[in-house]
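Read through the structure below, which is laid out as structure tokens, and then see the notes.
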2 protein chains.
Amino acid sequence: MQTEKAKTKPADDKREKLLEAALGLFETRGYDGVAVPEIAAKAGVAVGTVYRYFETKDALVNALYRSLKQSYNTAVLAPIEPGLPTREIFSLYWQRMTLFARENPRAIRFMDLHHHGAYLDDESRALSKTYAKAAESFVRDGRRRGDIRDLDPVMVVALMWGAAAGLTKFSASGSLKFDAHASDAMEDALWRAIAND
Amino acid sequence: MQTEKAKTKPADDKREKLLEAALGLFETRGYDGVAVPEIAAKAGVAVGTVYRYFETKDALVNALYRSLKQSYNTAVLAPIEPGLPTREIFSLYWQRMTLFARENPRAIRFMDLHHHGAYLDDESRALSKTYAKAAESFVRDGRRRGDIRDLDPVMVVALMWGAAAGLTKFSASGSLKFDAHASDAMEDALWRAIAND
DNA sequence: CAGAAATGAATGAACGTTCATTCATATCGG
DNA sequence: CCGATATGAATGAACGTTCATTCATTTCTG
């Protein structure tokens, strides 16, 4: 039904334009700080059109959250060649995280700001669980092999997400350049933080 | 005029009750997610009373932000005995941060959520600057002495605040116990992340 | 020209803010 | 001491505005 052919099918895809506009607004001001008519204006459509594509404002944020979290999960949790050493698996995960963060800083800020919103539905929340589970199993495996120190997996997730989100936010405020070099320097620091020896 | 004698002077200090109620509400739902009448209700006063103590809703958040950030700065940036080795200065700062975070988790979440709010005035923002300056000078000194690796001070701040805020948030969601042991484990990890050798 | 898509004025609920009114307490005159 | 008077903290109904949402109408499209 959706995205069947690429031939100017849905005119100019207002749904996509609405999600894009919503991201640009929600990312800095949050769900309650943005009015629906403003989203419509930024997307270049009338207010009523918003409700042709989304049942409610809640449905719109959830669709946006799901879309971004889905992309993020797909990018970061892509299959990893079996048998790789822990250090290289770590590097791969971190590279994927920061590549995504540098290409989609607004997505990172939006997710960081809305992770705990009461308007998120069960399906949106489920995507966060998927990510947490994957992260925890990486830490558990690394510990089993003796490569990672005796740390609570949740602490490692807190450290890594905090670092990536922090770099993204400080980069947005201009006090830091979040380039490949910064990413590598942080990878080095983070690995020292969690590695044995 | 205020706090002259301890004799039931300001009745039950409604200003304090309003700030306390506002913290409990803003901390999870953010500035735009909370209505003034709701704050009044939680504080046990009438709506109009809010405006006897604060000119606007904006003034209320700013007063709250200033009060919390002030407490935080005072606790963390207290004078440090001169001549202490970098490792011990680091430990002291981290201990102060996590002690404050564990005693005032709502303050941490509130600050983390409102740091970049457009409603914050210059005086509120100035308090963030004070903190950033202190953190940067610690990193610079440590680097000069050769104890800290060649890292952007902003990256160290991102790492440390991210870790403390992350622990606070995951602790609130029940997936982690933010006790003295967790704090010590994280201190160890963070020091490995930034230390030379 | 028929059906789908898009529009934006209209709607009622909820928002931040105001202010006429109340009333417990303080001050005073005798 | 006591009744009269003055005070200002506290109240909550009411105000204008803005919000999310609806829907009668117009504009596209095949």
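Chain identifiers are assigned alphabetically (A, B, ...) following the order of the sequence lines, protein sequences preceding nucleic acid strands; residue numbering begins at 1 within each chain. We use all heavy atoms of the structure for the numbers below, so side chains are in, but hydrogens, waters and symmetry mates are not.
Remark: the backbone N or O of A63(B) is not paired with any side-chain donor or acceptor of S67(B) at under 3.5 angstrom.
Under a 4.0 Å N-O distance rule, the pair E187(A)/R87(A) qualifies as a salt bridge. The pair D152(B)-K177(A) does not count as a salt bridge, with every side-chain nitrogen at least 4.0 angstrom from each carboxylate oxygen. The existence of a salt bridge linking D188(A) and R192(A) is confirmed by a sub-4.0 Å separation between a basic side-chain nitrogen and an acidic carboxylate oxygen.
When each of dA6(C), dT11(D), dT18(C) is scored by its nearest atom to the side-chain atoms of V45(B), the top-ranked nucleotide is dT11(D). Listed nucleotides: dC19(D), dG16(C), dT21(D). Nearest to the side chain of A35(A): dC19(D). Checking dA5(C), dT11(D), dG16(C) against the side-chain heavy atoms of P37(B) singles out dG16(C) as nearest. Nearest nucleotide to the V36(B) side chain, out of dT7(C), dG16(C), dG8(D): dG16(C). Checking dG8(C), dG16(C), dA6(C) against every side-chain atom of V47(A), the shortest atom distance belongs to dG8(C).
Per the geometry, CZ belonging to R52(B) stands 20 Å off P belonging to dG16(C), to the nearest Å. To the nearest angstrom, P of dA20(D) lies 17 Å from CD of E55(A). One atom, NZ of K57(A), and another, P of dT18(D), lie 16 Å apart when rounded to the nearest Å. Taking atom CD1 of residue I39(B) and atom P of nucleotide dG16(C), one finds them 8 Å apart after rounding to whole Å. In this structure, OH of Y51(A) is placed 4 Å from C1' of dA20(D), rounded to the nearest angstrom. Atom CD of E38(B) is separated from atom P of dA14(C) by 13 Å (rounded to the nearest Å).
Side-chain contact between D112(A) and K169(A): present, with at least one pair of heavy atoms (C-beta onward) separated by less than 4.5 Å.
When the nearest nucleotides of DNA chain D are assigned to Y31(A) and T49(A) by heavy-atom distance, the more 5′-ward of the two goes with Y31(A).
Applying the 4.0 Å criterion to OP1 and OP2 of dA9(D), one finds that K14(B) has every side-chain N and O outside that range.
Residue V50(A) is out of contact with every strand shown, counting any heavy-atom pair closer than 4.0 Å. Within 4.0 Å of Y53(B), counting heavy atoms only, lie sugar-phosphate atoms of the nucleic acid but no base atom.
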